[in-house]
Structure formats: C-alpha cells, structure tokens
Amino acid sequence: MALVDEIYMKEALKQAQIAFEKNEVPVGCVITHKDQIIAKAHNQVETLKDPTAHAEMIAITQAAAGLSSKWLHDCMMYVTLEPCAMCAGALVLSRLRGLYIGASDPKTGACGSVYNLVETGPLNHKISVSRGLLEEECAGLLKDFFQAKRGK
C-alpha cells in the first residue's frame, strides 16, 4: 500500500476520534476521487438516533452529492472498521471502485470476515478490497472505546 493510502486512512482515523469523543462507536471514513478527499464522516448513530447513520453511509451520501452522481465509479473509500452488511450493500450499489479497511470485524463484517458482499457472488458490481491498513491504530481505538464503556 502506498504512503498516500496511509495518509487517507489517518484522515479516517481523525474522524473515528471525533466519534469517540462524541461517545459514538469510533468508526471513521473518507472517500477520495482523483486523489482528493471528497467526503469525511464518522458514526452518528447515537447523535442522530438513526441506526443507518454509519460513517460509510454518511460519506456515500456526501460523495454522491459532491459529484452530482449516484455512481462512485472512480472513488476509493478508507474506513477504520470493516463495513457491515448494510454498508457493504450500499457500497456495491454506489459502484465504488475500491475499499481500504483498517480493522476487520469478526462479528458483523461483510467484506470478507463474516460475509463478503463486495468481492464475490452474483451482485452487479465487485469492489477491490485491501485489508489491514493501519490495522493496529484502527483496532486500538475501538478497543480503547469499548474498554472505557465497560469501565476497565
């Protein structure tokens, strides 16, 4: 993975830190188009009282609005935690070109851990996936969040 990919994932980590500070599960996401960040988001499920307010969903909406297109053909997503089935489905529907994942999600991950909606199967689009980008930092933030929630 290139240095530029680490730079984009660090931006996603900044978004995850914002979520952490707002007592949201610390997931952050950025979407790039032609080597420019066009969307940044973090989880806002608690803030908005909306179970669909995942970082990926918010970033997809921002990117599509910014491009004035429902398709994200030439876009890359950098996300600190492997997307769930809802988000993975939205990624396929948006026709995202590529996905960089920080930490895997062995409980609900739908990009290779539990399910793989983005690379295999009869869906109309497949997404190139790279896993483990800044994995320790991404997983560490999640671990710190849940340890704090449990009072450890």
Side-chain angles (χ1 to χ4, degrees), residues 1-20 24-142 145:
M1 289 175 222
L3 178 60
V4 70
D5 296 320
E6 288 187 13
I7 291 168
Y8 294 141
M9 187 59 82
K10 285 179 182 177
E11 288 298 317
L13 274 163
K14 288 178 186 176
Q15 290 295 309
Q17 184 64 44
I18 292 168
F20 188 105
E24 296 274 1
V25 175
V27 177
C29 176
V30 300
I31 296 178
T32 63
H33 179 257
K34 297 182 180 178
D35 297 321
Q36 297 288 332
I37 294 175
I38 62 167
K40 295 181 185 182
H42 57 274
N43 274 3
Q44 296 184 51
V45 172
E46 301 300 327
T47 302
L48 299 176
K49 306 291 186 249
D50 178 355
T52 69
H54 291 196
E56 302 95 322
M57 301 296 282
I58 295 167
I60 289 168
T61 300
Q62 288 176 3
L67 294 173
S68 298
S69 174
K70 64 182 178 179
W71 307 130
L72 303 179
H73 291 293
D74 295 321
C75 295
M76 304 296 287
M77 177 180 280
Y78 297 80
V79 64
T80 59
L81 180 65
E82 180 180 357
C84 69
M86 172 185 68
C87 294
L91 294 175
V92 171
L93 292 173
S94 74
R95 291 184 170 73
L96 187 80
R97 185 179 71 180
L99 174 64
Y100 287 86
I101 298 169
S104 295
D105 185 345
K107 292 184 179 180
T108 64
C111 299
S113 291
V114 179
Y115 304 104
N116 194 343
L117 298 178
V118 297
E119 293 179 294
T120 59
L123 299 178
N124 64 339
H125 180 72
K126 292 182 182 24
I127 299 169
S128 170
V129 178
S130 295
R131 294 171 179 80
L133 181 59
L134 301 181
E135 183 173 14
E136 287 183 27
E137 294 94 324
C138 295
L141 189 59
L142 287 156
F145 178 78

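Heavy-atom basis, side chains included; hydrogens, waters and symmetry copies ignored.
- Judged purely by atom type and a 3.5 angstrom limit, Ser104 has no side-chain atom pairing as donor or acceptor with the backbone of Pro106.
- At least one donor-acceptor pair under 3.5 Å links the side chain of Glu24 to the backbone N or O of Val45.
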(message) Let's go through Val92 and Ile127 carefully: what are the C-alpha distance in whole Å and the side-chain angles of both, what is the deciding distance for side chain to side chain contact (heavy atoms under 4.5 Å, CB included) to 0.1 Å, and is it a yes or a no?
(response) CA-CA 7 Å; Val92 171; Ile127 299 169; 4.3 Å; yes

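- Residues Leu134 and Tyr8 form no side-chain contact, since every pair of their non-hydrogen atoms from C-beta on lies 4.5 Å or further apart.
- Using a 4.5 Å cut-off on side-chain heavy atoms (C-beta onward), Asp50 and Gln44 make no contact.
- For the atom pair Cys29 SG and Leu81 CG, the distance stands at 11.0 Å (nearest 0.5 Å).
- In terms of heavy atoms, Leu123 sits closest to Lys126 at O-NZ, 4.0 Å.
- Scanning all heavy atoms of the two residues, the minimum distance from Glu82 to Asp105 falls at OE1-N, 3.0 Å.
- To the nearest 0.5 Å, atoms CZ (Phe20) and CG (Leu13) are separated by 12.5 Å.
- Taking every heavy atom of both residues into account, Ala85 and Leu117 meet most closely at O-CD1, 3.7 Å.
- A distance-only check finds a donor-acceptor pair linking the side chain of Arg131 to the backbone of Cys111 [under 3.5 Å].
- The structure places CD1 of Ile101 at 12.5 Å from OH of Tyr78, a figure rounded to the nearest 0.5 Å.
- Lys14 is linked by a salt bridge (charged side-chain N to carboxylate O under 4.0 Å, His left out) to Glu11, counting only residues two or more places apart in sequence or in another chain.
- Other residues, nucleotides and ligands place no more than 12 heavy atoms under 6.0 Å from the OH atom of Tyr115.
- With values rounded to the nearest 0.5 angstrom, His73 atom NE2 is found 9.0 Å from Ser94 atom OG.
- Two residues are said to be in side-chain contact when any heavy atoms from C-beta on lie closer than 4.5 Å; Asp5 and Ser130 fail this criterion.
- Side-chain contact between Leu91 and Ile60: present, with at least one pair of heavy atoms (C-beta onward) separated by less than 4.5 Å.
- Put simply, the side chain of Val79 does not reach to within 4.5 Å of the side chain of Cys138, judged on heavy atoms.
- Proximity of a side-chain donor or acceptor of Thr80 to a complementary backbone N or O of Gly28 within less than 3.5 Å is detected.
- With a 4.5 Å cut-off on side-chain heavy atoms, Ile31 and His33 do not count as touching.
- Taking the side chain as every heavy atom from C-beta outward, His54 and Val25 never approach each other to under 4.5 Å.
- Using a distance-only test at 3.5 Å, with no hydrogens or angles considered, no donor-acceptor pair links the side chain of Asn43 to the main chain of Pro26.
- Qualifying side chain to side chain donor-acceptor pair (under 3.5 Å) partners for Gln15, counting only residues two or more places apart in sequence or in other chains: His42.
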(request) Would you sort out whether Arg97 and Met76 count as a side chain to side chain contact (heavy atoms under 4.5 Å, CB included), showing the intermediate values? (result) CA-CA 6 Å; Arg97 185 179 71 180; Met76 304 296 287; 3.4 Å; yes

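- The two residues Pro83 and Glu56 have their closest heavy-atom pair at CA-OE2, 3.4 Å.
- Listed for the Tyr100 side chain is no donor-acceptor partner under 3.5 Å among the backbone atoms of Glu6.
- Remark: side-chain polar atoms of Gln62 are not paired, donor with acceptor, to backbone N or O of Ala41 under 3.5 angstrom.
- Residues Gln17 and Leu141 share a closest heavy-atom pair of OE1-CD1, 3.3 Å.
- Pairing each heavy atom of Met86 with each of Pro51, the nearest pair is CE-O, 4.0 Å.
- Taking CG of Asp74 as the start and OG of Ser69 as the end, the distance is 9.5 Å to the nearest 0.5 Å.
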